[in-house]
Every structure is written in structure tokens, then in C-alpha cells.
K.L.:
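Take this structure, written in C-alpha cells, and hold onto it; I'll ask about it next.
All chains are named by letter (A, B, ...) in the order of the sequence lines, taking the proteins before the strands, and each is independently numbered beginning at 1.
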Amino acid sequence: MRSGGAVPFSPASLFAGGQQGLWLEVVQSGEFSPASLFAGGTDGAWFDPSDLSTLFQDSAGTTPVTASGQPVGKMLDKSGNGNHATQAISAKRPIYTEGSGLSWLAFDGVDDAMEIQNAAFSFTGDQSVWVAAKHDTGNGAYIYLMGGNDKGYLFVTSKRTGRMRFIPVTNATSVVSTSVIDTSPIVFGGAWDRSSGDISLRKNGVEYTASKTPADVTVPVVTLLGGGNPGGTSWDGNIYGAVIVNNLTTASETGEVEAYLAGKAGVTL
Amino acid sequence: MRLTIACPDALRDDANQLAMVLGYGPADAETYGGLNWQDAGGNLYACASLPVSDTFTTAAQSGLQRPAWDTDNHVNMAGANRAQAALVFSLTPVTAMPDKLTACTGDDALATLAAMGLTQVEVYE
């Protein structure tokens with residue numbers, strides 16, 4: 001567990017105000033880093049709440065998060081794409097929390113959510129998304145892990161029905177699974193292959209289902225982490241990390257991302 | 001402590017003015033947004049929940065002053081004062097009322113809202 005002392009330096013802090021630049025991270029051979037998914041300029045985003053140097057209490061990124069229990073107004077994107085997540089409204093900021101060797105953002109299920117830059121998402125091409133999260137006992141209605149404006153949810157769960165859905169576009173036909181929601185940490189994944197039309201949905205390293213592309217490809221406008229439509233209710237539980245990649249990952253990469261996020265959430269795949 | 005607040009539709013504008021006074025900037029004018037909760041009578045509420053300090057709760061119940069950041073008179077202080085006059089603050093859950101800004105403490109925001117007699121309005125599936 002972190003001591004709450006001095007914040008370790010990370011180059012990410014140099015880009016807190018939106019400064020342009022480049023940060024190359026050398027990773028030991030054999031050690032996977034989601035950074036590798038963005039090599040060559042692939043757009044997307046990578047959020048890692050366990051990296052305290054990427055968290056700020058305010059949306060401007062001026063006051064760092066230094067201890068468990070503090071609100072998070074800005075979470076830096078570690079992909080190098082600058083698609084940071086922010087929440088300008090103070091009451092809607094999730095809480096940075098530590099416990100049992102893990103770190104996460106705790107969303108209250110009422111109004112907490114973070115806005116992700118639209119540039120993180122491909123609205124015309126392939127898309128792969130993962131979120132590691134834990135679902136608390138909640139209000140029994142619709143709970144959005146990641147969503148967009150109106151019905152254009154990129155990634156949705158519904159506690160009441162226990163269904164997990166991946167809806168990349170407005171009014172899309174969703175992929176539906178049953179009995180995938182419980183109160184244990186889970187690594188969710190979704191991918192949309194635009195060329196074949198397949199939408200796939202994964203939970204803890206296992207593909208649950210796949211279906212064909214919906215006809216309507218109108219895209220959502222605003223995308224939230226921990227929330228659905230702006231002003232709507234939020235995820236009631238923890239988010240340990242998220243990776244958004246604007247292409248389809250290989251089976252090997254998919255496995256590595258899921259293993260990485262499983263480690264962040266304490267999930268055994 | 002965590003404070004969970006239920007704001008009826010009629011008080012949203014004023015409550016958002018109060019949120020700016022007690023918050024950090026103009027963005028807090030959007031604290032109370034969607035009317036996603038309802039009481040047994042069908043009255044709709046926008047709700048917010050956040051961890052607060054004793055200083056916050058004291059300030060919320062004391063004389064209001066225009067925040068230092070508001071050099072352009074962005075905040076409608078009359079509205080903020082109306083919202084404060086309608087504020088019901090309780091250390092235990094009390095029933096939300098359609099003419100009050102009801103704020104209750106409780107570690108679990110959703111449990112607090114349930115104890116306040118509110119259920120979520122289901123919009124989509």
C-alpha cells in the first residue's frame with residue numbers, strides 16, 4: 001500500500017497542461033506495457049489509476065493526488081495521445097482509493113464520471129476497448145461503465161438485468177450476454193471489426209459473444225468513463241484501469257492487455 | 001464524510017448557484033443536471049454526492065459570500081441564498097421533499113438516496 005508520502009516523479013506530469021511532446025518508456029524484455037499498442041501513432045487512450053503521477057485533484061491538472069481518499073479531476077492518458085480524462089464539476093469527481101495492494105477510482109453511482117476526449121475513439125474504424133472494474137451493490141437500474149451521448153454507449157452494463165453490452169454507435173443493436181455481472185472485479189472487453197462487421201464482447205479473458213454490425217453508425221458525441229449520458233447516473237464501484245485502441249489487437253495483444261488489467265484489478269484469469 | 005443531496009427540479013437553477021459558491025469554479029454550475037431520481041409521489045430530483053469536510057458543511061449553513069474566483073459576477077448570489085434557505089441538512093437520512101434541497105450524510109450514496117425515499121428513473125435499456 002502506498003504511504004501517502006512524496007509523489008514519485010513521472011514524465012506524465014510534464015504533459016499535465018496539455019503540452020505537446022514525446023515520452024518514450026523503455027520496458028524490460030518480456031514485460032508487457034499497453035504503451036506498445038500505440039506504437040506508430042495509433043490513437044486511443046490508456047488510463048492507469050495505480051500510477052499516482054497521472055492523477056490530479058482538479059481538472060486543470062495543477063494539484064496532484066497524493067493520498068487515498070482524494071478526488072480525481074484529471075487522469076492523464078499514458079498512451080502518449082493526450083486523450084486525458086477530466087471532470088470539471090467538483091461533485092462529480094471519483095475518489096482515488098487504495099486497498100489490498102490495489103489502486104482504483106471509486107465512482108459513487110450517483111453522478112461521478114470522467115469525460116474522455118473524443119479523439120480517443122475511432123468513430124469510423126476498428127475499435128478495441130477494455131475496462132477493469134468492480135461493481136458494488138447498487139440501485140438496480142442501468143449502470144454505465146463507459147458511455148456516450150444519448151444512446152450511443154460505447155460500453156454498457158446493466159446490473160438489473162445482469163447483462164453486459166457493447167454498443168459502439170447510436171441506436172445500435174447491442175451484443176448481449178447474461179449473468180456476467182457480479183460484485184467481483186472483472187476485466188471487460190469489447191471490439192468492433194468494421195470490415196467484417198463483427199462486434200465481440202469479452203469477460204476475464206473469455207469471449208462471450210459476437211454479432212454483426214448494426215445498421216446505424218451514428219457516433220456518440222461525448223464519452224464518459226464511469227458514466228453514460230451526461231447528467232445521467234454513474235457506475236457504482238471501482239475502475240482499476242482502461243485501455244482504448246483504435247484498431248483491432250492481435251490475439252496475443254488481447255491476452256496481454258487482459259492479463260495486464262487483471263493484475264491491476266486483482267483478477268485471476 | 002460523504003454528503004448526498006437531492007435537488008428538486010424547481011430548485012435546480014438556484015442550487016447550482018449555491019454549488020458554485022461552495023465549490024471551485026463556474027463548472028460547478030452543472031452540479032445538478034439530469035432529473036434521474038424520483039420520490040414516491042413522482043416528483044423528480046437531480047442528485048449529487050461528494051465527500052466533504054466539516055468546513056464545507058459549516059460554510060453551507062453560514063452566510064454566503066461571493067467566491068474569490070467570481071470576479072465577473074458569474075454567480076447569482078440571490079439564487080444561491082434562496083437555495084441555502086431551502087437547505088435541509090441532516091446527519092441521518094430524511095425524506096426528500098419537492099420544495100427543499102435535502103442534504104444527508106452517509107458513506108454509501110445510493111443507500112442514502114434509498115433511505116431518502118428516492119428511486120432511480122429508468123431511462124434506457
K.L.:
Other residues, nucleotides and ligands only: do more than 12 of their heavy atoms fall within 6.0 Å of CG on B/D13?
P.N.:
no
K.L.:
If you count the non-hydrogen atoms of other residues, nucleotides and ligands that lie under 6.0 Å from CG in B/N73, is the total more than 12?
P.N.:
yes
K.L.:
Enumerate by number any residue of residues 17-25 of chain B whose heavy atoms lie under 4.5 Å from heavy atoms of chain A; in the absence of such residues, state 'none'.
P.N.:
B/G23, B/Y24
K.L.:
Is the closest side-chain heavy-atom distance between B/D14 and B/Y32 below 4.5 Å?
P.N.:
no
K.L.:
Taking salt bridge (charged side-chain N to carboxylate O under 4.0 Å, His left out) as the definition, give me every residue that meets it alongside A/D48, ordered by chain and number, with sequence neighbours left out.
P.N.:
A/K78, A/K264
K.L.:
Given 3.5 Å as the limit, does a donor-acceptor pair link the side chain of A/D58 with the main chain of A/G73, or not?
P.N.:
no
K.L.:
Looking only at atom types and distance, does a side-chain atom of A/T86 sit under 3.5 Å from a main-chain N or O of A/S59, one as donor and one as acceptor?
P.N.:
no
K.L.:
Please tell me if the side chains of B/R12 and B/L35 come closer than 4.5 Å, counting only heavy atoms from C-beta onward.
P.N.:
yes
K.L.:
What residue, out of A/A91, A/G69, A/A88, has the most heavy-atom pairs lying under 4.5 Å from chain B?
P.N.:
A/A91
K.L.:
With a 4.5 Å cut-off on side-chain heavy atoms, are A/W104 and A/P94 touching?
P.N.:
no
K.L.:
Which value, rounded to the nearest 0.5 Å, describes the distance between B/I5 atom CD1 and B/M116 atom CE?
P.N.:
8.5 Å
K.L.:
Under 4.5 Å, heavy atom to heavy atom: which of residues 55-66 of chain B reach chain A? Give them by number, or say none.
P.N.:
none
K.L.:
Find the distance between OG1 (B/T31) and NZ (A/K92) and round it off to the nearest 0.5 Å.
P.N.:
7.0 Å
K.L.:
Nearest 0.5 angstrom please: A/D108 CG to A/W235 CH2, how far?
P.N.:
13.5 Å
K.L.:
Where does B/L3 contact chain A at under 4.5 Å (heavy atoms): side chain, backbone, both or neither?
P.N.:
neither
K.L.:
Does any N or O in the side chain of A/Q57 come within less than 3.5 Å of the main-chain N or O of A/P64, such that one atom is a donor and the other an acceptor?
P.N.:
yes
K.L.:
Do A/L105 and A/M114 come within less than 4.5 Å of each other through their side chains, counting heavy atoms only?
P.N.:
yes
K.L.:
Using heavy atoms and a sub-4.5 Å threshold, report which of residues 39-51 of chain B line up against chain A, by residue number.
P.N.:
B/C47, B/A48, B/S49, B/L50, B/P51
K.L.:
Is A/F56 close to A/L76 at the side-chain level, that is, under 4.5 Å between some pair of heavy atoms?
P.N.:
yes
